[in-house]
Novice: 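Sharing a structure, written as structure tokens. Questions coming.
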Amino acid sequence: MINFDRFPSPCYIMEEELLRKNLTLIKSVAERAEVEIILAFKAFAMWRSFPIFREYIYNSTASSVYEARLAFEEFGSKAHTYSPAYTEADFPEIMRCSNHITFNSLEQFQRFYPKVRAGQSGISCGIRINPEYSEVETELYNPCAPGTRFGVVADLLPEILPEGMDGFHCHCHCESSSYELERSLAQLESKFSRWFSQIKWLNLGGGHLMTRKDYDVEHLIRLLQGLKMRYPHLHVILEPGSAFTWQTGVLTSEIVDIVENRGIRTAILNVSFTCHMPDCLEMPYQPAVRGSRKGDGGPYVYRLGGNSCLSGDYMGMWSFDHELRIGERIIFEDMIHYTMVKTNMFNGIHHPAIAMWTKEEKAEIFKQFTYEDFRNRMC
């Protein structure tokens with residue numbers, strides 16, 4: 001049990017034991033299915049925890065030159081890199097820090113692959129493909145929505161792939177189940193399997209939430225084993241983000257004021273949804289709050305408000321079993337993935353610290369943000 005009194009407020013706190021539990025499961029899936037599972041930095045990039053990850057996995061995936069550099073310099077291995085578009089200025093550094101580079105379009109491949117070939121770097125290149133199928137309901141997170149800017153559809157690929165195109169990368173999931181993977185694999189194979197004999201690797205992207213309690217891990221392993229049996233020459237890669245740090249930590253906050261307007265009571269916190277939990281406003285869900293339940297069915301109902309000047313910086317309603325008080329701690333569950341990587345310093349609001357509750361029950365504070373962090377971003 002975390003001793004919250006040993007951490008500053010507000011603070012993101014990861015629990016090492018919960019992280020290791022997820023990593024153990026992911027490693028087991030990779031070994032049993034004979035596939036490679038790598039960490040996607042777009043969901044989690046707390047580099048001080050990378051030594052723990054390296055006990056279980058060996059590689060990571062990057063979507064920018066900074067993430068690729070983080071992989072090479074902090075994770076300790078070159079990145080599997082994909083970006084919607086590379087630039088002339090960034091590409092030399094992308095090559096220095098990557099062992100796989102996936103291109104989003106045939107035009108980008110034709111423009112930059114000669115640089116890879118000339119560099120004799122041993123980098124394996126691929127193309128992102130679009131199966132034109134996804135069950136992701138929220139369009140903001142649907143990479144296969146009509147008009148998407150991601151990937152090449154089957155109709156545009158030549159029958160003979162260009163020299164140097166070693167692999168396909170496909171991403172069409174978001175916190176999805178193995179049964180959604182089964183259906184998307186059927187679509188993927190029906191559209192693209194005629195090229196599989198020409199490639200060396202197949203990257204199935206992210207969104208495979210295998211550490212969620214209701215996820216059918218055995219079904220996932222059977223699917224991947226079946227895929228490997230059908231195409232034994234293919235090196236199969238998965239790059240989930242959320243699965244690694246799913247339910248591994250919290251964001252702690254405190255109530256700094258309670259205001260009421262026309263019967264709605266709002267507890268204003270020392271954190272902000274728009275600054276520190278942006279997915280809560282982008283996605284159609286509300287986070288779990290420890291010691292409360294969603295909705296207005298309880299005796300003490302509050303909306304939770306952030307401390308920025310954005311009018312919509314609030315979420316609600318939550319029911320508590322007692323009257324809330326100024327100074328009381330509010331704990332948001334499952335706030336490690338897709339939080340720290342997306343935070344901002346809008347309004348110059350104090351950024352939560354970043355820390356870990358170790359398996360030895362020690363509070364390890366990785367970072368406490370200061371005025372200088374805000375000032376230096378603003379030039």
Novice: So, is the end of the K228 side chain (NZ or CZ) under 6.0 Å from the ring centre of Y231 and within 45° of the ring's axis?
Specialist: no
Novice: Just checking, any donor-acceptor pair under 3.5 angstrom between side chains of R20 and Y56?
Specialist: yes
Novice: If you count every heavy atom of other residues, nucleotides or ligands that lies below 6.0 Å from R230 atom CZ, does the total exceed 12?
Specialist: yes
Novice: Is it true that atom OH of Y179 has more than 12 heavy atoms of other residues, nucleotides or ligands lying nearer than 6.0 Å?
Specialist: yes
Novice: Aromatic rings F374 and Y371: how do their planes relate, parallel, tilted or perpendicular, breaks at 30° and 60°?
Specialist: tilted
Novice: With no hydrogens and no angle check, just 3.5 Å: does a side-chain donor-acceptor pair link H219 and S178?
Specialist: yes
Novice: Counting C-beta onward and ignoring hydrogens, is there a side-chain heavy-atom pair between F346 and S272 closer than 4.5 Å?
Specialist: no
Novice: With F44 as reference, evaluate S49, S242, S60 under the side chain to side chain contact (heavy atoms under 4.5 Å, CB included) test and give the passing residue.
Specialist: S49
Novice: Are there over 12 heavy-atom neighbours, none belonging to Y58, within less than 6.0 Å of that residue's OH?
Specialist: no
Novice: Check G306 against I268 and note the closest heavy-atom contact, atom names and distance.
Specialist: O-CG2, 3.8 Å
Novice: If you count the non-hydrogen atoms of other residues, nucleotides and ligands that lie under 6.0 Å from NZ in K362, is the total more than 12?
Specialist: no
Novice: Please state whether the rings of Y302 and F320 are parallel, tilted or perpendicular, taking 30° and 60° as the class boundaries.
Specialist: perpendicular
Novice: List the residues meeting salt bridge (Lys or Arg N to Asp or Glu O under 4.0 Å) with R265, not counting sequence neighbours, and say none if there are none.
Specialist: E323
Novice: Answer with yes or no whether the side chains of N347 and S308 bring together a donor and an acceptor at under 3.5 Å.
Specialist: no
Novice: Below 30° counts as parallel, above 60° as perpendicular, anything between as tilted: where do the rings of Y113 and F109 land?
Specialist: parallel
Novice: Below 4.0 angstrom, N of the basic side chain to O of the carboxylate: do E254 and R325 qualify?
Specialist: no
Novice: So, E139 and Y141: side-chain donor and acceptor under 3.5 Å apart, yes or no?
Specialist: no
Novice: Looking only at side chains, do S184 and Q187 share a donor and an acceptor under 3.5 Å apart?
Specialist: no
Novice: Once the angle between the rings of F41 and F50 is folded into 0 to 90°, is it parallel (under 30°), tilted (30 to 60°) or perpendicular (over 60°)?
Specialist: parallel
Novice: Taking CD in E260 as the centre, count heavy atoms belonging to other residues, nucleotides or ligands within less than 6.0 Å. Is the count above 12?
Specialist: yes
Novice: Can you list, by chain and residue number, the hydrophobic cluster partners of F150 when the side-chain cut-off is 4.5 Å?
Specialist: Y82
Novice: Answer yes if M317 and V271 sit in the same cluster of Ile, Leu, Val, Met, Phe, Trp and Tyr residues linked by side chain heavy atoms under 4.5 Å apart, and no otherwise.
Specialist: no
Novice: Just wondering, are more than 12 heavy atoms of other shown residues or ligands nearer than 6.0 Å to CE in M229?
Specialist: no
Novice: Can E36 and H235 be counted as having a side-chain donor-acceptor contact under 3.5 angstrom?
Specialist: yes
Novice: I'd like to know if the side chain of H337 pairs up with that of E175 as donor and acceptor (distance under 3.5 Å, no hydrogens or angles considered).
Specialist: no
Novice: Can you list, by chain and residue number, the hydrophobic cluster partners of I13 when the side-chain cut-off is 4.5 Å?
Specialist: I2, F4, F7, V250, I331, W357, I365
Novice: Taking all heavy atoms of C125 and all of F103, pick out the closest pair and write down the distance.
Specialist: SG-CE1, 3.9 Å
Novice: For E34, is the CD atom crowded, meaning more than 12 foreign heavy atoms sit under 6.0 Å from it?
Specialist: no
Novice: Does a side chain donor of either S9 or N270 reach within less than 3.5 Å of an acceptor in the other side chain?
Specialist: yes
Novice: Going only through I, L, V, M, F, W and Y residues with side-chain contacts under 4.5 Å, is there a path from Y338 to V136?
Specialist: no
Novice: Does atom CD (E88) have a neighbourhood of more than 12 heavy atoms from anything else shown, all under 6.0 Å?
Specialist: yes
Novice: Is a side-chain donor or acceptor of T343 paired with a backbone partner of M340 at a separation under 3.5 angstrom?
Specialist: yes
Novice: Which class fits the ring pair H173 and H208: parallel under 30°, tilted 30 to 60°, perpendicular over 60°?
Specialist: tilted
